[in-house]
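Working notes for the structure below.
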Amino acid sequence: MTSHRDGYVALSTSVDDEDNPLATEHSQFSDAGNPSNFNEGSRGGGFSVSADGSSYSYWYGPKGLAGLLHNQYTLGCAAFASIGGLTFGYDQGVIANVLVMKDFTERWPIGPWEVGLMTAILELGALIGALMAGVLADRYSRRHSIFLACVIFCVGSGFQCGAQSLVDIFIGRAIGGVGIGSLSMLSPLYMAEISPPEVRGSLMAMEQLAIVLGVVLGFWAGFFTRSITGSASWRIPLAIQIGPGLILAFGCLLLPPSPRLLILQGKFDEALRSLARLRLRDSSEQQSDPLLQLEFLEIRVEAKLIQQTKAETDDRNGLSTELRSWTRLFSSKYIDRTLIGIAVMFFQQWSGINALLYYGPTLMYSLGLRGDTITLLGSGGVGIVQFLAVLPAILYIDRLGRKPLLEGGGIVMGLSHFCIAVLVWFYQDSWESHHFAAWLAVGFVYLFTAAYGMSFGPVGWILPSEVLPLSVRGKGVSVATASNWINNFFVALIVPRFLAASATGTLLIFSAACFAASLWSRIFVPETANVSLEEIDNLFKSDVGKDDAELKQEIMKQVGLDRLLRELSADVGSD
């Protein structure tokens, strides 16, 4: 792609194709400078077009913190949707404390197997919820699916905080897991589809920030209630999570609908209004703003391509059609993208992060730290470090890109695990006389956590929603999220036994997984930063066949995008 000077050009738009609802007016758009010194006094934005008009990029504002603050409405919508991630993180943080609370352990004595099963059963429910949400999100809407997921989550939380037996805890965690799994898929999907391209990574990284914030809140809620007499010590922190679930359930109905899904459903006027609202354009600008035209038309091209392709394969058997829509993910056309979503979630879990969250007190005990307060502070600090590490990722993920963060993060995480394993190997029987070694190991735990918070933590939730096209995005994100939960399930189930058998061996397994993740990122992951969702296709080789290319060009002519790009290219050449 080539850009002109700063990447900003002036455009006189006159797209008059009758199939294009934006073709009724003309407008002039320009801005001075570049994304780094963006003029916030204007609507702002810009675009660059190659000389032949075959490729282009556009942005509504700067990147990083300035870009987030430039469009506070979309920032607020994404932040609110990320509450779904907070519910996920809170459960992770709170269960670590509940499992070691005096009243809980005396009321229901449990062994390593029950501990692992109690943690893992939520992941199993989440696996079901993630797959279920993919169908609901495509068939109905993102927002209404979020509402249903919140209701299910609140029911599960109610079972847990009001439990009269261990069976009630298991039932509550299974039901709550369905809600959490659905939200973990729906929230990043919705956030990806409302985000402008220049800050999409930053906005979606807020999902990881919300997860980590939930971990911190859940952990410290349990920490401060642990000394309360009776069952209130664990019922209170388990009940607190109902609050965010209710807030998201009713608040999500006020969020703007996904313009991409509306276009796929043929609701063009409603989609344009929603897109204009998300891009801070008023009703008069809906028909004239060139950036809005460009984004709206490219989404229409993608949607029409999907519909024509789908029409060739649909039949009257609804079940067969639904099954075929899932199997498309593993066809030669989409398999490379689907595997990226599955693999990034696999490496995210086998990095060992959730083992630290679930069994932090156990790990700190194995490192020689004793006493309730020291143990809880040691493992609770993991959440705080991760929270702080996500903040720079939000600010710079669209500037630095996804690949460098994944590659570098994998190496640092692998080295951290390896160093901890070496320290455990040499000092596991003499920590009390080697306090420096013990705290050095804790330092490497924090270093690992910081590296995760800046790499696989946020990027793991971003990539699946970016690499897949609109036609399979909902189900593709479901499969990727299901990969997260099924690997989460196995980690939660077997780590207690692994740690009991060999802490050193467990850490070396995680170390190897982190190094493998870095190598995988370097070889297989494309750089998706600053690329619109509709232009992601150009990064892959599966959609460049002659038939597909000809069909797409024909659709671009039908909706007016081809004409608009030619005018953009002409303006670049004449400026």
Side-chain angles (χ1 to χ4, degrees), residues 208 212 343-369 375 378-386 388-390 392-393 403-460 487-488 490-525:
Q208 180 65 17
V212 179
V344 74
M345 290 300 193
F346 171 87
F347 288 121
Q348 188 189 74
Q349 294 308 308
W350 284 99
S351 69
I353 184 64
N354 281 338
L356 293 179
L357 297 177
Y358 293 145
Y359 308 112
T362 302
L363 179 60
M364 293 301 168
Y365 184 87
S366 70
L367 293 177
L369 299 181
T375 302
S379 56
V382 169
I384 295 176
V385 170
Q386 190 181 172
L388 295 176
V390 175
K403 282 177 71 70
L405 292 178
L406 291 178
E407 293 177 32
I411 292 174
V412 175
M413 290 189 297
L415 288 173
S416 299
H417 276 311
F418 182 79
C419 292
I420 299 169
V422 171
L423 290 169
V424 171
W425 174 262
F426 282 107
Y427 301 110
Q428 59 186 339
D429 297 323
S430 57
W431 288 115
E432 294 183 0
S433 59
H434 295 88
H435 294 291
F436 176 77
W439 284 107
L440 185 61
V442 173
F444 280 118
V445 169
Y446 285 172
L447 177 61
F448 160 81
T449 304
Y452 175 87
M454 295 184 66
S455 59
F456 277 84
V459 179
N487 285 288
N488 205 332
F490 284 117
V491 168
L493 189 64
I494 66 178
V495 162
R497 292 183 175 273
F498 276 21
L499 286 174
S502 173
T504 300
T506 304
L507 291 166
L508 289 176
I509 291 174
F510 290 148
S511 178
C514 291
F515 285 126
S518 179
L519 182 62
W520 166 80
S521 303
R522 183 175 184 83
I523 297 174
F524 295 105
V525 177

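Worth knowing before you read on, the calculation uses all heavy atoms, side chains too, and leaves out hydrogens, waters and symmetry mates. Model, not experiment: these values are computed from the prediction.
The two residues Val424 and Ala503 have their closest heavy-atom pair at CG1-CB, 4.1 Å. Nearest heavy atom pair, residue Met345 against residue Gly460, reads CE-O, 3.2 Å. Residue Leu423 comes nearest to Ala437 through the heavy atom pair CD1-O, 4.0 Å, listed as atom of the first residue, atom of the second, then distance. For the pair Trp350 and Phe510, the tightest heavy-atom approach, listed with the atom from each and the gap, is O-CD2, 3.3 Å. The minimum heavy-atom distance linking Ser518 with Ile411 is given by the pair OG-CG1, 3.4 Å. Between Gly453 and Ala393, the shortest heavy-atom contact is O-CB, 4.0 Å.
Once rounded to the nearest 0.5 Å, the distance linking CD1 of Ile384 with CD of Gln386 reads 11.5 Å. Interatomic distance, CG of Asn488 versus CD1 of Ile353, reported as 11.0 Å (0.5 Å rounding). The distance from the CZ atom of Phe347 to the SG atom of Cys514 is 9.5 Å, given to the nearest 0.5 Å. Atom-to-atom distance recorded for Phe448:CZ and Ser511:OG is 10.0 Å, nearest 0.5 angstrom. Interatomic distance, CZ of Phe436 versus OH of Tyr427, reported as 9.5 Å (0.5 Å rounding). The CD1 atom of Ile420 lies 10.5 Å from the CG atom of Leu508; values are rounded to the nearest 0.5 Å.
The closest side-chain heavy-atom distance from Cys419 to Phe444 is below 4.5 Å. Side-chain contact between Val412 and Met454 is absent, with no heavy atoms from C-beta onward closer than 4.5 Å. In this structure, the side chains of Ile509 and Phe498 come closer than 4.5 Å at one or more pairs of heavy atoms.
Annotation for Phe515: atom CZ counts as buried by contact number, over 12 foreign heavy atoms lying within 6.0 Å.
Residue pairs meeting the side-chain hydrogen bond (donor to acceptor under 3.5 Å, both in side chains) criterion with at least one partner in residues 447-457, sequence neighbours excluded, are absent. Annotation: salt bridge (Lys or Arg N to Asp or Glu O under 4.0 Å) contacts involving residues 511-522, sequence neighbours excluded, comprise Glu407-Arg522.
Checking side-chain atoms of His417 against main-chain N and O of Ala512 turns up no donor-acceptor pair under 3.5 Å.
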